[in-house]
Amino acid sequence: PGVGYHHLLILRDHDTPIGYLTKVRIGEMFQALQEHYNELALDGCVEYISLFYNWGPRAGASVYHPHLQMMAIPIIPRDVGHSLQGSKKYHTQKGGCVHCTIIKWEIQQKKRILYKSDRVIAFAPFISRDPFEFRIFPRKHNPYFEDEKREVMDEIADVLRRLLRQTEKKLGDPDLNFFIHSAPVQNKEKYGY
C-alpha cells in the first residue's frame, strides 16, 4: 500500500526566495529540516526521505510562495537506487567513496570550484545533468544528512544561499530545483560507502 509522508516547510515571507534569506534564517531552515528528517526517520515504514525545492513553473513549482518539500516513502526511488549501486560498485572496485574521489579531483583541477573551506566545497560538476548545475558537499565523508554537524550544516546553508543569489543575479531569476541527496534512513550499515 502507498504509505509515507509529504510535508512542507513554508517560508514566512511570500516574496523572499531562499537565496535572499539571511545567513541566520537559512541556517534555521536547515536545522528545522534536519530535526524533522530525524523525526520521520523513526517510522519503520520509511526507507528514504527526499528533500527538495522547486522555484518557478518550469521547475515544477505550482505555488509561488517559497517552500521546501519533504517526502518520506517506503521505497528507494529508482534514480537514488541507481546512484547507490554505482557508489557500491566503485567502493568494491576502488576501495573508496566515489564522491570523495570526485571532490579530490575537482580540488586538483582547480577549474570548477565555486567555494572551498575546511568543511565545505561547492563546484560545477565536470559533466552537468542540467545547465548551471552546482553541487555542495561536506569535505568530511558523511552520507547521512541527518547526522551532519550543525556547524557544517550552517556553512552548507550559507553557501547555498550565496550561490542561489548569484544564480538569480546572473541569470535573471531562473526556474530552478535543488535537492538534498542523502543515503536511505534504514539499514545504515549497508550504505556507509
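Counting begins at 1 with the first residue of the sequence.
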### Task
For Asp147, enumerate each residue passing the salt bridge (Lys or Arg N to Asp or Glu O under 4.0 Å) test, keeping only those at least two apart in sequence or located in another chain.
Lys188

### Message
Using 0.5 Å steps for rounding, measure from the OG atom of Ser117 to the CZ atom of Arg139.
### Response
7.0 Å

### Query
So does Glu133 pair up with Arg135, basic N to acidic O under 4.0 Å?
yes

### Message
Within the 4.5 Å heavy-atom criterion, are Leu33 and Phe145 side-chain neighbours or not?
### Response
yes

Enumerate, atom names and distances included, each donor-acceptor pair closer than 3.5 Å involving a side-chain atom of residues 17-24, sequence neighbours excluded.
from: Tyr20; atom 1: OH; to: Glu168; atom 2: OE1; distance (Å): 2.6
from: Thr22; atom 1: OG1; to: Arg25; atom 2: N; distance (Å): 3.0

### Task
Quick one: closest heavy-atom pair of Pro77 and Tyr48, and the distance?
CD-CD2, 3.7 Å

### Message
If we ignore hydrogens and angles and just use 3.5 Å, is the side chain of Asp43 paired with the main-chain N or O of Cys45 as donor and acceptor?
### Response
yes

### Query
Are there more than 12 heavy atoms of other residues, nucleotides or ligands under 6.0 Å from atom CZ of Arg58?
no

### Query
How is the hydrophobic cluster of Ile113 composed, in terms of its other members, when Ile, Leu, Val, Met, Phe, Trp and Tyr link through side-chain heavy atoms under 4.5 Å apart, directly or indirectly?
Tyr90, Val98, Ile102, Ile103, Ile107, Ile121, Phe123, Phe137

### Query
Do you know which two heavy atoms are closest between Ile136 and Ala122, and how far apart they sit?
CG1-CB, 3.9 Å

### Message
For Leu11, is there any backbone N or O sitting under 3.5 Å from a side-chain donor or acceptor partner on His65?
### Response
yes

### Summary
When every non-hydrogen atom of Phe178 is compared with those of Leu68, the smallest separation belongs to CZ-CD2, 3.8 Å

### Side-chain donor or acceptor of Asn38 paired with backbone N/O of Gln34 under 3.5 Å
yes

### Task
Indicate the atoms forming the closest heavy-atom contact of His181 with Ser83, along with that distance.
NE2-OG, 3.4 Å

### Closest non-hydrogen atom pair, Leu40 against Met70
CD1-SD, 3.3 Å

### Query
For Leu163, does its backbone N or O pair with a side-chain atom of Thr167 as donor and acceptor, under 3.5 Å?
yes

### Query
Measuring from Glu148:CD to Glu155:CD, what's the distance to the nearest 0.5 Å?
10.5 Å

#### Entry: Chi angles and distances behind the side chain to side chain contact (heavy atoms under 4.5 Å, CB included) call for Leu160, Phe30
CA-CA 11 Å; Leu160 175 65; Phe30 267 73; 3.8 Å; yes

### Message
Please report the interatomic distance CD(Glu106) to CD(Gln109), rounded to the nearest 0.5 Å.
### Response
7.0 Å

### Message
Classify the ring geometry of Tyr53 against Trp55: parallel below 30°, tilted from 30° to 60°, perpendicular beyond 60°.
### Response
parallel

### Message
Do Leu164 and Leu171 sit in one hydrophobic cluster, given that two such residues count as connected whenever their side-chain heavy atoms are within less than 4.5 Å of each other, even indirectly?
### Response
no

### Query
Are Cys97 and His91 close enough that some pair of their side-chain heavy atoms sits under 4.5 Å apart?
no

### Query
Does a side-chain N-to-carboxylate-O contact under 4.0 Å join Glu151 and Arg119?
no

### Message
For Asp158, give me all partners under salt bridge (Lys or Arg N to Asp or Glu O under 4.0 Å), at least two apart in sequence or on another chain.
### Response
Arg161, Arg162

### Task
Flag the pair Ile73 / Tyr5 as yes when at least one side-chain heavy-atom distance between them is below 4.5 Å, and no otherwise.
no

### Query
Excluding sequence neighbours, so at least two apart, what forms side-chain hydrogen bond (donor to acceptor under 3.5 Å, both in side chains) with His7?
His36

### Task
Apply side chain to side chain contact (heavy atoms under 4.5 Å, CB included) to Ile75 and Glu47, showing your working.
CA-CA 5 Å; Ile75 61 168; Glu47 186 73 26; 5.7 Å; no

### Task
Would you indicate whether the side-chain heavy atoms of Gln31 and Arg150 approach each other to under 4.5 Å?
yes

### Euclidean distance, Lys170 NZ relative to Arg165 CZ, rounded to 0.5 Å
14.0 Å

### Message
Quick check: do Met29 and Leu9 have side-chain heavy atoms less than 4.5 Å from each other?
### Response
yes

## Note on the structure
When every non-hydrogen atom of Ser182 is compared with those of Glu146, the smallest separation belongs to OG-OE1, 3.7 Å

### Intermediate values then yes/no, side chain to side chain contact (heavy atoms under 4.5 Å, CB included), Phe52 and Asn177
CA-CA 7 Å; Phe52 58 95; Asn177 306 98; over 6 Å; no

### Query
Which other residues belong to the hydrophobic cluster containing Trp105, where Ile, Leu, Val, Met, Phe, Trp and Tyr are joined when side-chain heavy atoms lie under 4.5 Å apart, directly or via other members?
Phe126, Ile127

#### Entry: Neighbour count above 12 (heavy atom, 6.0 Å) for Asp79 CG
yes

### Message
In this structure, would Phe134 and Phe132 fall into the same cluster of hydrophobic residues linked by side-chain contacts under 4.5 Å?
### Response
no

